[in-house]
Amino acid sequence: ADERAAVCAAAVDFEYCNPPRRGRNIELVQVAIGPYALVFDAHEWSPVLGAAEVAPGVPSLAHWLQSPLVIKSVQACDGDADRLSRMGLRMCPVFDTSAAELILTRASQQSGLHILVSKYVAPGLMLEKARVKSEGFDVFGRRPLPDWACRYSWQDVAWGVQLMMAQRR
């Protein structure tokens with residue numbers, strides 16, 4: 001899909017346990033659009049990714065992930081794309097901030113999202129990143145989700161569109 005056809009931008013990310021628990025591919029779906037950062041529980045509310053509509057006339061998140069009208073800002077989305085593909089979903093158009101940084105800096109290794117947000121948006125915004133690394137990604141399979149893990153999840157998308165716009169300049 002041609003990203004020039006997009007009429008709005010959203011930052012998108014997914015959290016999952018490795019290996020998947022109880023057959024679930026994706027635990028959380030995070031979306032930031034405009035001033036809103038939303039975290040969806042993908043295994044407690046399956047229509048979020050499963051159907052074209054969640055109710056008659058109400059498009060699901062799957063619809064918007066595949067819509068050519070929304071450019072999705074993502075970070076190193078190869079694993080996410082693989083999981084979505086197994087669910088029959090193809091997210092496009094996308095702008096991968098990690099891939100963009102490799103091109104912009106001619107680097108040989110990907111930079112983490114917290115590094116890119118500090119570099120292009122502002123330092124000190126992604127405060128929960130270290131905690132997830134120390135506690136492990138299994139936290140995303142827990143219910144109820146700990147408050148700090150929910151904060152981490154929305155922080156993963158809160159500045160994604162700003163980051164994309166800064167890299168595109």
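One is the number of the first residue; the rest follow in order along the sequence.
There is no path of hydrophobic side-chain contacts, each under 4.5 Å, that joins Leu61 to Val157. Cluster annotation: Ile33 is not connected to Trp154 through the hydrophobic network of ILVMFWY side chains, with a link wherever side-chain heavy atoms come within less than 4.5 Å. At a threshold of 4.5 Å between side-chain heavy atoms, the hydrophobic network of Ile, Leu, Val, Met, Phe, Trp and Tyr places Phe137 and Leu145 in one connected group. Taken together through direct or relayed side-chain contacts under 4.5 Å among Ile, Leu, Val, Met, Phe, Trp and Tyr, Met87 and Leu65 form part of one hydrophobic cluster. Val139 and Met126 fall within a single hydrophobic cluster, where Ile, Leu, Val, Met, Phe, Trp and Tyr are joined by side-chain heavy atoms under 4.5 Å apart, directly or via other members.
With 3.5 Å as the limit, one finds no donor-acceptor pair spanning the side chains of Ser153 and Glu15.
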Assess whether side chain to side chain contact (heavy atoms under 4.5 Å, CB included) is satisfied between Val12 and Met91, documenting all intermediate values. CA-CA 10 Å; Val12 179; Met91 190 170 48; 4.1 Å; yes
Determine, step by step, whether Leu84 and Phe14 satisfy the side chain to side chain contact (heavy atoms under 4.5 Å, CB included) criterion, reporting the C-alpha distance in whole Å, the side-chain angles of both residues, the deciding distance to 0.1 Å, and the verdict. CA-CA 10 Å; Leu84 288 170; Phe14 305 88; 3.6 Å; yes
The test is ring pair (Phe, Tyr, Trp, His ring centres under 6.0 Å); show your working for Phe140 and Tyr152 and say whether it passes. CA-CA 10 Å; Phe140 298 113; Tyr152 167 89; 5.7 Å; yes
Verdict with reasoning, Leu125 to Trp159, per side chain to side chain contact (heavy atoms under 4.5 Å, CB included): CA-CA 9 Å; Leu125 295 176; Trp159 301 282; 3.6 Å; yes
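The backbone N or O of Leu113 lies less than 3.5 Å from no partner atom in the side chain of Lys129, so there is not a single donor-acceptor pair. The closest donor-acceptor contact from the side chain of Ser85 to the backbone of Ala81 lies at 3.5 Å or more, if one exists at all. In this structure a side-chain-to-backbone donor-acceptor pair under 3.5 Å is missing from Ser118 to Ile115. Between the Gln75 side chain and the Ser111 main chain, a donor and an acceptor come within less than 3.5 Å of each other. Side-chain atoms of Gln167 come within 3.5 Å of backbone N or O of Thr97 as a donor-acceptor pair. Between the side chain of Asp13 and the backbone N or O of Val74 there is no donor-acceptor pair closer than 3.5 Å. Judged by distance alone, with hydrogens and angles left aside, the side-chain atoms of Gln155 form a donor-acceptor pair with the main-chain N or O of Leu127 at under 3.5 Å.
The existence of a salt bridge linking Arg143 and Glu27 is confirmed by a sub-4.0 Å separation between a basic side-chain nitrogen and an acidic carboxylate oxygen. The residues Arg86 and Asp82 are annotated as salt-bridged, a charged nitrogen and a carboxylate oxygen being separated by less than 4.0 angstrom.
Minimum heavy-atom separation, Arg142 to Glu135: NH2-OE1, 4.0 Å. Minimum heavy-atom separation, Asp96 to Ala76: OD1-N, 2.9 Å. Shortest non-hydrogen contact noted between Gly160 and Ala11 is CA-CB, 3.7 Å. The two residues Pro68 and Pro93 make their nearest non-hydrogen contact at CA-CD, 3.8 Å. The shortest non-hydrogen separation linking Gln66 to Gly88 is OE1-O, 4.1 Å. Between Cys17 and Gly141, the shortest heavy-atom contact is SG-N, 3.4 Å.
Expressed to the nearest 0.5 Å, how far CG of Leu28 lies from CG of Leu38 amounts to 12.5 Å. Annotation: the span from Gln30 atom CD to Asp156 atom CG amounts to 6.0 Å, rounded to 0.5 Å. Rounded to the nearest 0.5 Å, atoms CE (Met164) and OH (Tyr120) are 14.0 Å apart. Note that OG1 of Thr105 is 9.0 Å distant from CG of Leu116, once rounded to the nearest 0.5 Å.
Test Arg151, Lys133, His114 against Glu128 for side chain to side chain donor-acceptor pair (under 3.5 Å) and you get one pass: Arg151.
Relative to the six-membered ring of Tyr16, Arg83 meets both conditions, a distance below 6.0 Å and an angle of at most 45° to the axis.
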